[in-house]
Number of protein chains: 2
Amino acid sequence: MSPLPSGLLGDLDPTSDRAVFRQIADQLREAIDRGRFHEGDKLPSEADLVEHYGVSRMTVRNSFSILQGEGLVHAEHGKGVFVRPRPPVRRLASDRFARRHREQGKSAFIVEADAAGSHPQVDSLEVKEEKASTDVSARLGSVRRVLARRRRYLLDGRPVEFATSYLPLDIARGTQIAEPNPGPGGIYARLEELGHRLNHFEEEIRARMPSPAEVKTLRLASGVPVIHLIRTAFDTEGRAVEVCDTVMAADAYVLSYQLPAT
Amino acid sequence: MSPLPSGLLGDLDPTSDRAVFRQIADQLREAIDRGRFHEGDKLPSEADLVEHYGVSRMTVRNSFSILQGEGLVHAEHGKGVFVRPRPPVRRLASDRFARRHREQGKSAFIVEADAAGSHPQVDSLEVKEEKASTDVSARLGSVRRVLARRRRYLLDGRPVEFATSYLPLDIARGTQIAEPNPGPGGIYARLEELGHRLNHFEEEIRARMPSPAEVKTLRLASGVPVIHLIRTAFDTEGRAVEVCDTVMAADAYVLSYQLPAT
DNA sequence: CTTGCCCACTCGTCTATACGAGTATGCATG
DNA sequence: CATGCATACTCGTATAGACGAGTGGGCAAG
């Protein structure tokens, strides 16, 4: 247990009314911000800090837990506490559903990830008929049952997004949309072939902390929120033909929209 | 210290390899999800749970800290731990900058909040010239200095959003845009009067955990992420005439966009 | 050289205790 | 009745100790 390089971290201010564990967290945070520790670097161990500050181990752990909650660091059992690297982000532009992007055979996700040089995967594919939730039913116009298409998207082995599409049975049942592989251009291409020419989409965006289930399927580190996006697709007759419910790891995404000023 | 109503919470499973504090958190979470506790309800005190489960206080506190991290509950010193109420959300539609909304005298925020029956406020108004950050400079096209307009928005006394607009000095200096009150229709109306007819906006959206400073200015409860929105306004000549950097309390907002399918 | 074990170091979980500080309530005092 | 204090309850902070479990390096045996 080598002593901490002096000057790396300061001393505590016993006269301060700021709690000791907060002071320690502040100093670590500042050291990270100032670049004393870089992404992926190992922070001093709990034992190091116990010795350096002369406090008990629980106090140090308390400090770490603050930084974890902020998403700044993550602990690895048996190894140490590390500065959390910012993962590469995926940019979603608002024209990502434009018809011209729908021509080729591969899905938008695959094409885009390949172009960005990362390795895309889709798994947990599940297609089945089920009872519509209240919310989905309201959005699709009072349908009882729907076709649900679930899938998880991964980039370089890391899950980044979990999405479920809901479609009214009278549209989707018996079509290729009900097959695991919906064919080139995805379900939007199939919908248009079926006569539902798409007119516009509505997207609702929320951000919140993940549920335990979401932590699991997206393998989220603590302190990482999710972006919850609900998209409704409307055809030219004004009918809602699909609702897509997407939960994204917030640290992996930047959403981008272009709005007319008219 | 009245005993806990039996049946409200279950027992621990000593054979489970799930940590005790997680089991307790699970049971509390489930009880909340099932509606055994409603928004604003007080959960059993730490002492109650210590007695009920026969564990130490730190273990119970550990459970609570999980739920706090999820944004499910919040603790009040001297009172207890409560189920966090879902605050009313503000919906931001993608047409909120349409020209027709810019006619009246009051700001969009005030009009909209009044209509929703809540009491809007704007404070911390600050207008000054300053050095442009790298990011802002890049977005505005390599300007050195900018006019910055900072303000905080509150609904019913609660801060919900903190925004800063940056404008190139050659556009804003000496105009009403540089005054604390930009006049009816806001700075977008002034920009158009100055000959910068607006063509479109670009919005970039991220979600992340707040910095300590953001926790303070937005008075955020723990477990509440922020939505970080960066909007760039372009005039008909393709020039970026304003960058607006907005940090919103994520539990107070739903963003809504409408996209053409073309 | 390879295999396998031991050991040191790491964080994870849990107990027990202590005192501080904010809140609410009831009771005694004025 | 009103004021103010005592008190009990709440969570906040901190200490000290114990054992468990994952990781990785070194060393000894094969």
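This structure is a prediction, so every number in the text was calculated from the model and none was measured. Each chain gets a letter, A, B and so on, in the order the sequences are listed, and its residues count up from 1. Just so it is clear, the values below take in all heavy atoms, side chains as well, and ignore hydrogens, waters and symmetry mates.
For the pair A:R22 and D:dT13, the criterion of a side-chain N or O lying under 4.0 Å from OP1 or OP2 is met. Neither OP1 nor OP2 of D:dT13 sits under 4.0 Å from any side-chain N or O of A:T59.
Heavy-atom contacts from other residues, nucleotides or ligands closer than 6.0 Å to NZ of A:K131 number 12 or fewer. For B:K216, the NZ atom sits in a loose shell: 12 or fewer heavy atoms of surrounding residues, nucleotides or ligands are nearer than 6.0 Å.
The residue among B:M58 and B:L43 whose nearest nucleotide of DNA chain D is located toward the 5' end is B:L43.
Between B:T246 atom OG1 and B:Y153 atom OH the span is 7.5 Å, to the nearest 0.5 Å. With rounding to the nearest 0.5 angstrom, the CG atom of B:L49 is 7.0 Å from the CD1 atom of B:I24.
Shortest non-hydrogen contact noted between B:R86 and B:L72 is NH2-CD2, 4.0 Å.
Scanning for side chain to side chain donor-acceptor pair (under 3.5 Å) contacts around B:D11 gives an empty result, with sequence neighbours left out.
A:D48 places its CG atom 11 Å from the P atom of C:dC9, with the value rounded to the nearest Å. The distance between atom CG of B:D17 and atom C1' of D:dG22, rounded to the nearest whole Å, is 15 Å. Rounding to whole angstrom units, OH of residue A:Y53 and P of D:dA14 are separated by 13 Å. Going from atom CG of A:L49 over to atom P of C:dC9 covers 16 Å, rounded to whole Å. Rounded to an integer number of Å, the gap from CD of B:E46 to P of C:dC14 is 16 Å.
Each of C:dT13, D:dA14, C:dT15 was ranked by its minimum atom distance to the side chain of B:S56; first place goes to C:dT15.
Interface residues of residues 60-84 of chain A facing DNA chain D, ordered by number: A:H77, A:G78, A:K79; criterion, heavy-atom separation under 4.0 Å.
The aromatic rings of A:Y257 and B:Y257 lie parallel to each other, their planes meeting at an angle below 30°, with 60° marking the opposite boundary.
With hydrogens and angles left out, the side chain of A:R57 and the base of C:dG12 share a donor-acceptor pair within 3.5 Å.
Residue B:R18 is classed as having no contact, given no heavy-atom separation below 4.0 Å to the nucleic acid.
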